[in-house]
Trainee: 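I'd like to ask some things about the structure below.
Counting convention: from 1, in listed order, for ligands and their atoms alike.
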Amino acid sequence: MATQEHDPALATVDPEIARLIYEENVRERDTIRLIPSENYASRAVLEACGSVLANKYSEGYPRKRYYEGQEVIDQVEELARQRVQALFGAEHVNVQPYSGSPANLAVYLAFCKPGDTIMGLGLPSGGHLTHGHSVSITGLFFKSVPYGVHKDTHRIDMDEVRSLAKEHRPRLLWAGTTAYPRQLDWAAFRSIADEVGAILAADIAHISGLVVGGVHPSPIPFADVVTSTTHKTFRGPRGGMILCKKEHANALDRAVFPGLQGGPHNHATAGIAVAAREASTEAFKAYARQVVDNARVLAEALASRGFRLITGGTDNHLILFDVTDKGTTGKIAAQAMARAGLVGNYNSIPFDPRKPFDPSGVRIGTPAITSRGMGPSEMEKIATWIDQVVAAPGDEDCIRRIATEVTELCRGFPAPGILI
Ligand SMILES: *Cc1c(COP(=O)(O)O)cnc(C)c1O
């Protein structure tokens, strides 16, 4: 063991960073985390991530490495792969992508050439940057044909997806969302991909925990390849993963390494293994169900207070609402909510007349607050607070009072991974 003297603790070596980590612990403990892409990884996951596994280089895959000394790392990666494979019922798994975006880039590299046509849900409709948005490398290096949501229902317009696909014959069709409160119809996407000979890629970055928990249909039987982050509803470390049919295993593995990345982040791989173990329990299934139940209760409570919800509600973990009728903007509302300890994010709504940096909507979700054990009665409280803040986003007395009440509520619901 290294002695205290030769290897002092963080607080001794770098009090500034130690203090900032402490402050972030306090912030995460005392506020209500409503950003739907965020969660609390467990203490066990965080421990795995803060381990010496981060020190090791292991370019390649288990038993096919370019460095010696892999007897432990190979076992870690095999465990992560096997557990994820079993959880999702996938034929092949790669747990090396550094995050969700690099996982998606590996899909392009495996299946496309620069200039190929690709299709994905447009960003203003709730899609992700990496599905072909114009400022993303995926929009710059490929010919991107975005599809959208229906003008009246704000649900993905499958008729439009089909007609655009027939017209443009994409090499790659993305099905996946980042700000969309409804389930995806994987079978419908599959049949469109088959009609035009496209590779179907399902991006379940937001919903992989819901899929594992059985509260969102799984894309595994339908998609050629499935990508995900590991840190959203999956509740693991920051990372990415790719699940695919056997026939694509080689192409995707080679795309991740040596195509895009160097050495895998073995500490994150260990965190993914731990998260996959946690996700295999009955408790995790109950968690996933509660995430969706909480979102529905929160959505109904907001709707009953006159909020205009995009698509009229939710059947996943996420709610998108328009604050125009409340006489404010998404940014003003989200910033006032954050001062009250209700931390969501401003977000474009479909056909938003306002700019993305100053849009009409606010996006919230229930994954993190459900990890703290909050349930329907807390959702009612949160809806009441959101209503009060959005009605008077400049009323700092009201905001301060709510911030105090928020912190009091948080005390009763300790967050996983926060040990202060
Ligand atoms: C979050 C997200 C990603 C990207 O994940 P990062 O880890 O932030 O790179 C990709 N696709 C979708 C649909 C997402 O929601």
Trainee: Of the protein's non-hydrogen atoms, which lies at the shortest distance from atom 1 (C) of ligand 1, and what is that distance?
Mentor: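 Here the closest protein heavy atom is Lys232 NZ, 1.4 Å.
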Trainee: Can you confirm, on distance only, whether ligand 1 has an N/O atom lying under 3.5 Å from any N/O atom belonging to Ser99?
Mentor: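 For ligand 1, there is an N or O atom that lies under 3.5 Å from one belonging to Ser99.
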Trainee: Give me the nearest non-hydrogen protein atom to atom 11 (N) of ligand 1 as residue plus atom name, then the distance to 0.1 Å.
Mentor: Asp203 OD2, 2.6 Å
Trainee: Could you check whether Phe257 and Tyr66 have their ring centres less than 6.0 Å apart?
Mentor: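 Close enough - the centres of the two rings lie under 6.0 Å apart.
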Trainee: Would Ser101 count as a polar contact of ligand 1, with the cut-off being nitrogen or oxygen pairs under 3.5 Å?
Mentor: yes
Trainee: I'd like to know if Asp194 and Arg190 make a salt bridge, using a cut-off of under 4.0 Å between side-chain N and carboxylate O.
Mentor: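 A salt bridge is present here (some side-chain N lies under 4.0 Å from a carboxylate O).
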Trainee: Tell me whether Gly100 has any N or O atom under 3.5 angstrom from an N or O of ligand 1.
Mentor: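 Min N/O separation from ligand 1 is below 3.5 Å for Gly100.
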Trainee: Are Asp358 and Lys331 ion-paired here, with the side-chain N under 4.0 Å from a carboxylate O?
Mentor: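 Result for this pair is no, no salt bridge flagged.
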Trainee: Does the separation of the ring centres of Phe111 and His248 fall below 6.0 angstrom?
Mentor: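 Between His248 and Phe111, which both carry aromatic rings, the centre distance is below 6.0 Å.
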Trainee: Quick one: does Asn294's side chain have a donor or acceptor within less than 3.5 Å of a partner on Met374's backbone?
Mentor: yes
Trainee: Please give me the minimum heavy-atom distance between Ile319 and Ala295, naming the atom from each residue.
Mentor: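 For Ile319 and Ala295, the tightest heavy-atom pair comes out as CD1-O, 3.5 Å.
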Trainee: Report the nearest protein non-hydrogen atom to atom 5 (O) of ligand 1: residue, atom name, distance rounded to 0.1 Å.
Mentor: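 Atom 5 (O) of ligand 1 sits closest to the protein heavy atom Thr229 CG2, 3.3 Å.
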Trainee: Step through it carefully: locate the ring centre of Tyr108, locate the ring centre of Trp174, and say whether they are under 6.0 Å apart.
Mentor: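 So the answer is yes for these two rings.
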Trainee: Which bit of His231 is near ligand 1, meaning a heavy atom under 4.0 Å away: side chain, backbone, both or neither?
Mentor: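 Answer for His231: side chain.
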Trainee: State the atoms of ligand 1, each with its element, that fall below the 4.0 Å cut-off from a heavy-atom position in His206.
Mentor: 15 (O)
Trainee: For Phe351, does the six-membered ring have the charged nitrogen or CZ of Lys151 within the cation-pi criterion, i.e. under 6.0 angstrom from the centroid and within 45° of the normal?
Mentor: no
Trainee: Answer with side chain, backbone, both or neither: which part of Thr177 has a heavy atom less than 4.0 angstrom from an atom of ligand 1?
Mentor: backbone
Trainee: Of all the non-hydrogen atoms in the protein, which one sits nearest to atom 3 (C) of ligand 1, and at what distance?
Mentor: His128 NE2, 3.2 Å
Trainee: As an exercise, identify every atom of ligand 1 less than 4.0 angstrom from a heavy atom of Thr178.
Mentor: 14 (C), 15 (O)
